[in-house]
Every structure is written in C-alpha cells, then in structure tokens.
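Notes to accompany the following structure.
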Number of protein chains: 2
Amino acid sequence: MTELRPGDASLLRKVNTQATLRALRREGVATLTQLGRITGLSRQTVEAVLDELGERGYVKEVPPDEGAMGRPARRFGFRADAGHVVGVEVGGDTIVAALADLGGEVIAWERAEVDADAAAHERLDAARRACLACVDGAGIARTRVWAVAAGTSGIVDRTGRVSLSITLPGWTGVDLAGLAGRWFGCTALAANDANLAALAEHWRGSARHASDVVYVMMGRRVGAGILIGGRLHPGRAGAAGEIGTLRQVGWEDAARELVKDASAAEVFEAALRGDRDARRRVDRYAETLAIGASALALAVDPDLLVLGGGHARVGDVLLEPVRRHLAELCVSVPEVVASTFGDEGVALGAVRLALSHVEQEILGL
Amino acid sequence: MTELRPGDASLLRKVNTQATLRALRREGVATLTQLGRITGLSRQTVEAVLDELGERGYVKEVPPDEGAMGRPARRFGFRADAGHVVGVEVGGDTIVAALADLGGEVIAWERAEVDADAAAHERLDAARRACLACVDGAGIARTRVWAVAAGTSGIVDRTGRVSLSITLPGWTGVDLAGLAGRWFGCTALAANDANLAALAEHWRGSARHASDVVYVMMGRRVGAGILIGGRLHPGRAGAAGEIGTLRQVGWEDAARELVKDASAAEVFEAALRGDRDARRRVDRYAETLAIGASALALAVDPDLLVLGGGHARVGDVLLEPVRRHLAELCVSVPEVVASTFGDEGVALGAVRLALSHVEQEILGL
DNA sequence: CCGACATACGTGAAATGGTTACATAAGTGA
DNA sequence: TCACTTATGTAACCATTTCACGTATGTCGG
C-alpha cells in the first residue's frame, strides 16, 4: 500500500500532521474534537499538531462558534492566504491568468489578447505581464506566490520546455517553465493545455468522479489530454494524447472542414435548426472527432471522455453524434460529457498543477 | 506523496516491518547490521521486527557465515517457501501453468494442449488439471497456494470475468477468476494475456527499466497490453489496449495476410535470405503493426514498446521495419525491443500478478 | 439568578516504539 | 595467547500517542 521509508517517531508526527492538515483544508474550519473524529487521532495529538502548524503559518485560530451547547470549542481554520499560486494559459491569441490561494479559491483573473503571429518573446512578455497584473491587482505581494504553472499548446517535456509547437511561431524550444519561474522567483511548471484542461475537469468539473479521463480539446487544432488515476499522464516526452498526428485519424483538418464558408457557431446553429447541409457537416466533424477519440479510448479505456474547447458549449448538437459514432467504434464505450469550463479550463488546470506541487513540496502532503 | 491514514505508534512498527521485509526479500539473506544499514533503522529495531516476522513464519534464521572477521553475525533469510502462487495462461490451444514461491522463483512449469474448438468447460478443466498437476508435481500442498492468477485472450473485467472473447468458443461470460479461486480455495485474479505479458517483461524481461510500457502481442490476433507507472493499466472495463478493434488500424487480418500461402516462419526466413516478395510481406505486416502500435504510442507516449508473441523471436527482420514505420508515424518515438520470454510470458505475468496480490493483501507490503 | 447539563480544555500517567551508548561475547589472525 | 574485529545484550532516554479524570465554560429550564 505504501512505499514509505522507515523511520522513527518523528515520522509518525509527519504523517499525522499531513492527515490533520488535509482534513482541516477540506473542512475549512473545525474544532479539535471534530478533527480528532475525522482523523481518528486523539484531541491532544490534534492540538499538538495544530500548534505546530500554527507556528508554521498554515493554520490560524478563529473565534469560537456561539450558541452551541457546552463549553465553546476553540476553532481552527486553514490559512488559505498563507501562500498563492498562479496558473496561466499561454494560448494562440489569448492569455488567461488566474491567481488562487492555497485553498484553491481563485482570487483574480486576468486576460490579455496576443497576436496569433506574435513572436515567442512577445507572447512570453504578454503572459508575464498578465500574471504580474493579476497578482498586483489582487493586492498580493509577488513574493507570496509560491508556484506558477503554465499551459500551452504543443508538446511540453517534463522539464517544462516546449519541445514541439506547430501553431505558435517560434514557440518550439522555448523553456516555458524556466522563464515563468523568473516572473516571481519561484518554482514553475509547464504542461500541455489539453492535459491541464483535463486536470481542471477532474478537479472541479465534469470529471470529478472519474479516475481515468480522456479530454479532447477542440479548437483550431484538436488535441487531447489524459488523466490516469486522477493524475496527469504526460507520457515520456509529454506527447501522450497526440493522436491527432496520426494521418488516419484526420484531426489535422477537422476544424477547417467544419467552417469552410461560415463560422462554427453559424454551422452549429443551422444544424440545430435542422439545416441538412449543416447537420451533415457537424456529423462529419463529429465522426472525425470520434475516430481519434476512439483510438484514445481503445488505448486507455477511460471512465470518461470529456469534450472541451470552443465548440463544447454547443452541447448535444455535437455530443449526440460524437456519442453515436463512438459507440460504433469502441468495444468499451466511455461516457461522453461536455467540459464544464469555457476558456478558463486551461488556466484553472494550471492552478491545480501548481497547487499540487505546493502541496507536495512545501506542505509535504 | 503518501495517502497514509494517521495512526499511533503501531503504525510505525508496521511501516518498519514492511521496509525490513522488503529489504530482506531483496537481499535473500542478511544480518541485522546489514538490514539496519539498508533500512536506516537501528539494529535493535530490526531485531524486534525480525522476531515478529519469524513468529509469523515469513523469516527464518540461517547458519552464520563462517570465516569472516569478528563475532559471527546471526543471519536471517526470507522464507520464500512460506507460501506459493500459481500463474496460468489459458490460451487458444495451449495451457501454461507456473508455480512460484513467495520470492518469485518459479518452481515448476506445466503445459497442456487444448483443442482450439474446445468448449469453455473443457478448457477450464484442462487449466484446472494443469494447475493442480503443477502444484502436486512439485510436492507442494494445495493449501499452501495463496493466490492464483489466470491470463487469457479477450477482455477481462475487473472482477475477473471474461466479458468478451472473439477467438475462444463459449468463452465470453466465463467467470475465470471466480472459478480459478475454487481450484485451490484461495483468492484468484484474471486478466488479459497481453497485459500480463507486459507485466512479465517489466518484472524480469526487456522492460525492466521502463515505467510506461506498451506490449504488442502478435499471434493469431494482435493484442496489446499497457503498463502505466510499472503497474497494469486494464482500464475501466479491462479493454485498454484493444486498439485492434479499430478497423482503420487493420490488426484484424494482419496475421492472415502474412501467412497467405506459407508458414510465418518460412516467410520470415525467406525475407532474411533476401526474397523480395517475403520482404514485402514482412514489411506490410510491420507497417500494419506499426499503425496500431503508433496509435497506442501516441495515446500513451510510453518509455518502451515491446513486441511479443510468436513472431517476436525472429528479431530484427521484423523489428527493423516496425521501427522504421513507427518513426514515420509517431511524434515521440519510443524504443522498440523484442520480448524476452517466449510462450511463458503470460503465465509469468500471471505469477507476478498473483504475487503482487499476496504482497499487498497478505504480507501487507 | 441558580442549578443541571453538555461539551471542551488541561494535566499527568502509561504504553509503544525507536535511538544512543557502552559493556560484553565470540570469532579470526599472527 | 593476545590483539583485533564485529556482533550482541542491556540500560537509559526520547518522541509520540492515548487514556483517565478533574476542571472550565457555555446553554437551558425553572
């Protein structure tokens, strides 16, 4: 069950500290007795642990609850504002930055436009400005940002470098994590946008109850992200989910065909009205999506397939034909749902990634 | 890092016991001081832990080493013979059973032929007999078998039932794990054969140093198994890796085309000699394999791709063209190697699966 | 306002498990 | 036989947790 290194009594304290902190974070505010019940520890132990956590700044005492029976219990709350994380999507034409506290609550958003043809350094600068503006605007000191994560299209390796980008000019080779780390002088991570969007769905979206998830992100290109056991599965080189590069799948020009002479919104609307040609085009698009998705689904056999990106909001007009085609292609047909988040998903997933890093490295969870 | 439940001091002992047992199992035989160095625990603690393990029957003291300097140290050994596991491949025309001790050492093999058209109950009976013969022949009491695992072609769900089998008559719906459990009156597991073969390669074969592995099993049908993080990834319904069912991939009749009018061995040999037609046919076969494999590789982006099954032993005649085609299809090209094991891989993987179960459930590792 | 009740807090004793330090035992080699 | 080397045995001590029990501090009903 556990790959824990052996140790002495201090290990015990560490384990109990982590469990208590987890419980308190989940509860928000709790009394010693409550935490004891939750964790299974004695009140005294919980108290000792909380003292320590209080000294470290992660926990504060809050005024006791009034009107209850018996002696009022001291109440403790997780100090979500002890630190912050920033998540940012560095997209083709937009930048979305989010600032969140340690509780995962997003405090501030910041958006910026960026020219699709902008050079790498311009794009990076726009991202940097957006992140700084986001933090400054919320009145948070820059030094209180403990981690940054960035999501972008293309293949991002495990060091956070963009090892291949097709859509963004000069983007291949950019050390995204390395550069983002300098913005706040903290650790930084970078990952593929579809992967992060998947993470966001698993965190607070449609994939909350799924463990293995395939997220198909529809945009100018179609990409995919994979979660295995609730965790990011980037693959050896960060290329997991890149099924679109397989010519047989046809993801490369799926979007182009959909919007031959009209905007995507128009096509979907027409299809919804019953327009024959539009229906056919949507169906073709759905079939193409389904072929690639089925390849992923057959490979991974996920609990859930999430459709996200720009076209996801049209809902059943697109979902229904995708489901239909998928059912024909897969042995084991996963549930198909639309993404919960609009264009905030990637940044939100980046927040989650940064938060996970903080939890692991700093809080020691 | 750890999702450990909090606890009192006895948790500490549990953790340390596990660590010590792990170390001793790896070392085979060791002194207290050695184990202390390895685990980082004090000699006294190791001694107390070993006492306990000795009482439980997992550890025995062995004669001290002679001829060494200083006072001879007591030496302890893992009692690999404290329990046993059985792994069995229930194949289309052969049954391979293996009996192993807790150290993972295979003590006995047993093979049996079975008619390809045999009914499910005949096949099951043959498997049962092979397993029992394997255990009886080795002189091990049947009650000392702690777990059984079976591998078979087709989709096996997480309860160990064959939910879909294309090749074996009447095989769909068979509760393989449930039935195998009755053979020895112990817990039983069942999984897809390619998955188990992958596990075997990761355990003791070509995939020892890889964490994410795709195993492509070439036989009458082509199947695939996936390891993520060194662990089996069966997927929600056990259908992970079933990329072959995608028509575009063409795995369904790859084997048939290869052996149109000659045996596979003949074709490979002719290709090796330089025969044009044979070369073309091998190349076509390799391309078909590569298309499906690339779909899996693109989805999962594994560290390693292992080619196994009957044709794997021909080596580079097949590997080279597969590598070539794969390189054209994949963004991130994994290393490609041949399987280490012949037709023992599945049974060996089953042993590993059973062993993992024992380690987790019984030894509490 | 007061007593009954409920609930939380505080303290000390005891159990568990682990470590360090040091004396002692049991071999090898000249 | 004696020096040397390495392992063992024992005792003192530390960290962490739990349990038991008395005390503090609120609400509620008269």
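The chains referred to below are lettered A, B, ... by the order of the sequence lines, with proteins before strands, and numbering in each begins at 1.
Both tests do not hold together for Arg79(A) against Tyr58(A): distance to the six-membered ring centre under 6.0 Å, angle to the ring axis within 45°.
When the P atom of dC14(D) is taken as reference, atom CG of Leu12(A) falls 19 Å away, rounded to whole Å. We find that CG of Leu50(A) is positioned 13 Å from P of dG10(C), with the value rounded to whole Å. The CZ atom of Arg71(A) sits 18 Å away from the C1' atom of dA4(C) (whole-angstrom rounding). Leu11(A) places its CG atom 14 Å from the C1' atom of dT17(D), with the value rounded to the nearest Å. Straight-line distance from the CD atom of Glu66(A) to the C1' atom of dT7(C): 16 Å, rounded to whole Å. Between Phe76(B) atom CZ and dA7(D) atom P there is a gap of 13 Å when expressed in whole angstrom units. Whole-Å rounding puts the Arg43(B) CZ to dT20(C) P distance at 11 Å. Atom-to-atom, CG of Asp65(A) to P of dT25(D) comes out at 18 Å; the value is rounded to the nearest Å.
Comparing dT11(C), dT16(D), dG9(D) by their nearest atom to the side chain of Gln44(A) picks out dT11(C). Comparing atom distances between the Asp8(A) side chain and each of dC9(C), dG18(C), dT8(D) picks out dG18(C) as nearest. When distances run from any side-chain atom of Asn16(B) to the nucleotides dT18(D), dA24(D), dG18(C), the shortest one goes to dG18(C).
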Item to check | Criterion side chain to side chain donor-acceptor pair (under 3.5 Å) on Thr20(A) and Thr39(A), from CA distance to verdict | outcome: CA-CA 6 Å; Thr20(A) 307; Thr39(A) 57; 5.0 Å; no
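Within the 4.0 Å cut-off from OP1 or OP2 of dT16(D), not a single side-chain nitrogen or oxygen of Ser10(A) is found. Of the side-chain N and O atoms in Arg13(A), one or more sit less than 4.0 angstrom from OP1 or OP2 of dT17(D). Under 4.0 angstrom from either OP1 or OP2 of dT19(C) there lies at least one side-chain N or O belonging to Thr45(B).
Arg74(A) comes within 4.0 angstrom of sugar-phosphate atoms only, judged by non-hydrogen atoms across all strands, and of no base. The residue Ala68(A) sits close only to the backbone: its heavy atoms come under 4.0 Å of sugar-phosphate atoms, none of a base.
Between Thr31(B) and Phe76(B) there is no side-chain heavy-atom pair separated by less than 4.5 Å.
Using a 4.0 Å cut-off between charged nitrogen and carboxylate oxygen, Arg208(A) and Glu201(A) do not count as a salt-bridge pair.
The nearest heavy atom of DNA chain D to Gln34(B) and to Ala9(B) marks one nucleotide each, and the one closer to the 5' end goes with Gln34(B). Along DNA chain C, the nucleotide nearest Gly7(A) and the nucleotide nearest Glu47(A) are compared for position; the residue whose nucleotide lies closer to the 5' end is Glu47(A). The 5' end of DNA chain D is approached more closely, in terms of each residue's nearest nucleotide, by Leu41(A) than by the other of Met69(A) and Leu41(A).
Between the His233(A) side chain and the Ala240(A) main chain, no donor and acceptor come within less than 3.5 Å of each other.
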